[in-house]
Each structure stands twice: as C-alpha cells, then as structure tokens.
Amino acid sequence: MLNIVLFGPPGAGKGTQSQRVIDTFGLVHLSTGDMLRAEMASGSELGEQVKGIIAAGQLVSDEIVIALIAKRLDADAKGFIFDGFPRTVAQAEALDNLLAEKNTAISCMVALEVPEEELVTRLVKRGIDSGRSDDNEETIRKRITEYNSKTLPVAEYYAKQDKLNKIEGVGSIEDIAGRVAGVLNQYA
Ligand code: ADP
C-alpha cells in the first residue's frame, strides 16, 4: 500500500493537493477536518460537541479524531492519504498502531512549507467564500499557534523514521502538485 501523510499548517493547501494525489495515485482521502465538518452539518451529537472547539481554533481531542479515522481504515484501498491527521504525536502513534494491525504502515510524509503571513492571507480570503466558522483572522492566528506548539512535533516524529519530505508550498497549484508527485513517485 501507499499510505501518505500530507502535512502542513492551516492554509498550506493540503486539501487542494490531496485532490490531485487521489486522482493520480488512486488513494482514499481521509481528512479529519472534512469528517468533523460533516458531523457538524448533520447536527450529530459529536458535531455539537466539537463545534465550539473548532470555532475557537483549538484541536479536537485525540480520542475523537482517532475514532473517526479508525472507522475508515476498513476500506479496500490501494492506500490512504491522510490530510489534517495526525495533528499530535499521540495521534501519530495511534495511527502507526492502527496501520500495523492491518499489516501496513505510513510510506512517507509530505510537508508543505508556507510562510505564516501567506497562510493568513490565503485563509482570510477563503473565509469570504467558505463561510467556515474558523476562517477569520483571530481564529486563524489561534490555529497557527496550535499548529506550532502541538502539530509541528509530528514532523519530527516522522523524521526519526526517515519518512519526512519537505516541499516548498508557495507557487502555482500545478508547480506544487509536480513537487508532491516527484516525492510520491519515489515511494509508489
Ligand atoms: P485547516 O488545516 O485549514 O486548519 P482542517 O479542516 O484540517 O483545516 O481542520 C479544521 C479544524 O478541525 C481544526 O482547526 C481542528 O479544530 C479540527 N481538527 C481537524 N483535524 C483534527 C485533528 N486531527 N486533531 C484535532 N483537531 C482536528
């Protein structure tokens, strides 16, 4: 299997690049952000529970997101692309264990690097159309702070396993897709 973690701060372009990878490599896309937004849209108990946390730009508990991912790993797939997960070292460890149970593992992490001011500009712009409760400047800055303190150590976690590949996340969507594919072709 080809199992990829697409990594990067909020606004780095993970969703956009995931779409390209799914089309090219035939992987199943697992985005915890999308799953949580679906829960909120459906008005489920879980959705109600996470609404305030997401609107405040904080991370949802490890327990909740790990359970969401665990439910989806049964899919009969050539591989998975994890987008927005794992976001803490505890999530990364849980993912390694879940994949080991399926006799597979993460092949590599692709980390999109984008300067902070560019992230804020992109997300404020997205917020005008997306209507997302967390795409306003105050919450965007809070999400970036959460990322720097809790999520960045996840890159180190994969670096220790020799799986980290950093990519310049500024440029045209096409150019960045080319850089991502360049890395993935080494593992496919
Ligand atoms: P972005 O990467 O632009 O912040 P996401 O859609 O990935 O957007 O996530 C939106 C919000 O959903 C996060 O700010 C967080 O509150 C919650 N969330 C998504 N994935 C996770 C996760 N793996 N762990 C904890 N919280 C998460």
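Values reported hereafter were calculated over all heavy atoms of this structure, with side chains retained and with hydrogens, waters and symmetry mates removed. First listed ligand is number 1; within each ligand, the first listed atom is number 1.
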Got the closest protein heavy atom to [atom], with its distance?
{"atom": "atom 20 (N) of ligand 1", "value": "T32 OG1, 2.8 Å"}
{"atom": "atom 16 (O) of ligand 1", "value": "Q58 O, 2.5 Å"}
{"atom": "atom 3 (O) of ligand 1", "value": "R143 NH2, 2.9 Å"}

Out of [options], indicate the one that has the non-hydrogen atom closest to [atom].
{"atom": "atom 18 (N) of ligand 1", "options": "I69, D62, L36", "answer": "L36"}
{"atom": "atom 8 (O) of ligand 1", "options": "R132, K14, K142", "answer": "R132"}
{"atom": "atom 11 (C) of ligand 1", "options": "L95, V60, D134", "answer": "D134"}
{"atom": "atom 9 (O) of ligand 1", "options": "K150, R87, Q91", "answer": "R87"}

Any side-chain donor-acceptor pair under 3.5 Å between [X] and [Y]?
{"X": "D83", "Y": "Q17", "answer": "no"}
{"X": "N165", "Y": "Y187", "answer": "yes"}
{"X": "N3", "Y": "S107", "answer": "no"}
{"X": "T139", "Y": "N136", "answer": "yes"}

key: Whether K51 lies under 4.0 Å from ligand 1, heavy atom   = no

ask   = Does at least one non-hydrogen atom of R37 fall below 4.0 angstrom from an atom of ligand 1?
value = yes

task = Just do the salt bridge (charged side-chain N to carboxylate O under 4.0 Å, His left out) check on E174 and R20 with the steps written out, would you?
result = CA-CA 9 Å; E174 286 305 320; R20 309 295 295 250; 3.1 Å; yes

key: Proximity to ligand 1 by part of M40, non-hydrogen separation under 4.0 Å   = neither

Salt-bridge criterion met for E156 and K160 (N-O under 4.0 Å) = no

message = Can you tell whether the side chains of E117 and R141 come within less than 4.0 Å, N to carboxylate O?
response = yes

ask   = Is the backbone of L59 close enough, under 3.5 Å, to the side chain of E146 for a donor and an acceptor to pair up by distance?
value = yes

request  = Give yes or no for whether the N/O distance cutoff of 3.5 Å, strictly under, is met between L59 and ligand 1.
outcome  = no

